[in-house]
Each structure stands twice: as structure tokens, then as C-alpha cells.
Amino acid sequence: MHAPAKINLTLHVTGQRVDGYHLLDSLVVFTEIGDTLTFQDADALSIDVTGPFAAGVPVDARNLVWRAADIAGVTPHIHLHKALPHGAGIGGGSSDAAAVLRRFGGSERAAELGADVPVCLSSTPQRMQGIGDVLCAVTLCQFDLVLVNPGAHVPTPAVFSALANKSNPGMGVLPDLTDRAAALRWLAAQRNDLESAAQTVAPQIGAALKALSGAQLARMSGSGATCFGIYNDAESAQAAARDIAGKYPDWWVMPTRTL
Ligand code: C5P
């Protein structure tokens, strides 16, 4: 099963609840690049992990995939191919857990696994509000992207703690986002309110955004550190990715397309 990367094309922080969780207004899309899960019947739950980001991924109840299988009440052997960096603002672990719930059931309890898990249950564009629990499907054109992670692991709570202004305007009424040029113009006027807070935690994010300066739009996803650039077409995205990867061989640089 494909567990796509989650990209916050916008992420507005509009308030904070008394329990500390932040209220969000975010346009979320998913990409062709993602982790892959395969399942085999077994008597006891187990996980094995391969792929470029397998190192350090827990294979026990610390892994959201394990907890998702517990919620679904199933005990398969789960093979997880980690193509996405973790702690990276692109929902890797949340998307993996959502894939397990999609396959085996238990979707109604997705929010127990984290604020980003409900949105990852569907791989289609959505407006996400509340603390991540209020979802509305959005029709959106496709975008060719380059994802860039400058090698920084950014803990989400640290970014929210560093956020100075927790009460910003939301996205308002969404315009027609099926026309690419109009959607880009509208996106350019939106924000990721966590961008400067995340840069205080991981200053490399500034360098990643600068590396994407040839894009039509460059912005951070989630709480970082992955940033995305929107390019005119797949060829331009691939050329930009080659160029950035050549300049920054230690970074994760991935051309992809939204689903
Ligand atoms: O729910 P999840 O485990 O993904 O969230 C990680 C942390 O991010 C929370 O403990 C909280 O500090 C912060 N968070 C928040 N508001 C949200 C989502 C996450 O403050 N809407």
C-alpha cells in the first residue's frame, strides 16, 4: 500500500485551545512519492523496515503502524519501506499509520494516533481545520514539486512552542483552485505560520527555501524541515532537483507530483 507524503501547501495557525493544541487552517495534498507497506498474515504482530530512511525506525509499539494495527485488532507481519524522511513535516509516520487503518479498519479512531492521521486516511486534497480533525475535500489542479529536506529533524512541539503569534487569519473562502495559474496566485498570498518558528529550531530551513528560489512558489511543509517548490512542469522540477542535489549532496531532494 502506498503511504504518500503529506504536504501542507498552506498552514495557518488561527488560535490555541485551552489544552495547548493549536487551531489550524491548512490546504493539504499528497504526492506520488511515499512509503510502501505490505502485509502478510501472521499469528503475532511484527514489523520490519527497509529503505533509505529505515535507520532508527522502531519496530515495536513506539511505531504508529504498530498502534494502528492494535486499533484495528489485527496481527499481520508488516513490511515498511521508508522512502520518506521522518520528523520532516511531510507526515511519514502518520501516513503509514493511516495506510494500516485503511487496510484493516479503525479509521474512526485515527485521531488517537496523532493530529495528522485523519487527513492521511484519504490521499486527496483536503482543507484541514480544527486541530486536524475537521476535514473537507477540495478540488485542486495537480502540481509538479521538488521536496527538499536539509537533513534537519524538527520536533513538532518545539516549533509550536517557538511560535510567537498563535492567532493569525485563516484562509477564508477558498476560490476555484482547478485553474493552475489562479491557484498559484492564491497560494502565493497564503502562508505557513510555522516557518519562522521552525527556522529558529533548524536554521537550515532558510537554506532549503533559498535553494528552491527558482520555483514558482517555495514554502515549508508542516512544522518542517521539508520545504517544497512548485514548478511549471515535470521537466523543470526534475532539472531543479538535479541542480539542488548537485549543490547539496547531503540533502534529501525529490522531484514528485501531487496526487
Ligand atoms: O498529534 P501529534 O502527536 O501529531 O502532535 C505532536 C505535537 O504537536 C503535539 O503534542 C502538540 O505539541 C503539537 N500540535 C499542536 N497543535 C496541533 C497539532 C500538533 O500544538 N493541531
Side-chain angles (χ1 to χ4, degrees), residues 3-30 34-35 53 56-58 60-71 80 82 84-102 106-123 126-136 138 149 152-171 190-202 205 219-226:
K6 167 226 69 168
I7 305 294
N8 302 89
L9 292 179
T10 71
L11 206 176
H12 298 214
V13 180
T14 58
Q16 189 173 26
R17 299 198 316 199
V18 284
D19 65 1
Y21 268 82
H22 294 79
L23 296 171
L24 310 174
D25 194 7
S26 177
L27 183 60
V28 180
V29 295
F30 297 88
D35 295 339
F53 293 99
V57 175
D60 54 25
R62 289 170 297 165
N63 193 319
L64 282 184
V65 159
W66 184 288
R67 291 168 55 201
D70 267 348
I71 283 179
L80 177 57
K82 285 299 293 180
L84 303 177
H86 15 104
I90 52 174
S94 303
S95 195
D96 296 343
V100 173
L101 298 180
R102 268 204 312 275
S107 297
E108 67 288 350
R109 290 178 60 191
E112 290 174 31
L113 297 174
D116 266 347
V117 181
V119 76
C120 292
L121 288 170
S122 128
S123 307
Q126 289 160 86
R127 183 180 194 166
M128 180 178 89
Q129 293 174 290
I131 63 163
D133 52 331
V134 181
L135 301 172
C136 181
V138 172
N149 186 293
H153 185 282
V154 183
T156 303
V159 174
F160 276 110
S161 302
L163 180 65
N165 186 358
K166 294 163 191 273
S167 191
N168 305 286
M171 292 191 285
Q190 309 304 311
R191 319 174 301 277
N192 180 334
D193 288 327
L194 297 177
E195 220 169 80
S196 48
Q199 286 190 56
T200 64
V201 179
I205 290 166
R219 182 166 287 154
M220 190 181 82
S221 178
S223 56
T226 307

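Every number for a ligand or one of its atoms is a count from 1 in the order of the listing. Residue numbers run from 1 in the order of the sequence given. Everything numeric here is computed off the predicted structure, so don't read it as measured data.
- Nearest to atom 3 (O) of ligand 1 among the protein's heavy atoms is Gly114 CA, 4.2 Å.
- Atoms of ligand 1 lying under 4.0 Å from any heavy atom of Ala115, numbered from 1 in the order shown and given with element: 1 (O), 2 (P), 4 (O), 18 (C).
- Counting all heavy atoms, side chain and backbone alike, Arg102 lies closest to Leu121 at CD-O, 3.1 Å.
- When all heavy atoms of Val13 and Phe160 are compared, the pair lying nearest together is CG2-CE2, 4.4 Å.
- Here is the list of ligand 1 atoms found below 4.0 Å of a heavy atom in Thr156: 8 (O).
- At least one N or O atom of His22, backbone or side chain, sits closer than 3.5 Å to an N or O atom of ligand 1.
- Atom 7 (C) of ligand 1 has as its closest protein heavy atom Pro157 CG, 3.9 Å.
- Within ligand 1, the atoms closer than 4.0 Å to a non-hydrogen atom of Ile131 are 21 (N), numbered from 1 in the order shown.
- Taking every heavy atom of both residues into account, Pro85 and Ile90 meet most closely at CD-CD1, 4.0 Å.
- By the criterion of a heavy-atom distance under 4.0 Å, the side chain of Leu24, and not its backbone, is placed next to ligand 1.
- Every residue meeting the side-chain contact (heavy atoms from CB on, under 4.5 Å) condition with Pro169, not counting sequence neighbours, appears here in chain and number order: Arg191.
- The part of Phe160 lying near ligand 1 is the side chain, judged by heavy-atom distances below 4.0 Å.
- Atom 9 (C) of ligand 1 has its closest protein heavy atom at Tyr21 OH, 3.8 Å.
- Of the possible donor and acceptor atoms, one in the side chain of Asn192 sits under 3.5 Å from a partner among the backbone N and O of Met220.
- Using a 4.5 Å heavy-atom threshold, the side chains of Arg219 and Asn8 count as separate.
- Of all heavy-atom pairs between Ala97 and Val65, the closest is N-CG2, 4.1 Å.
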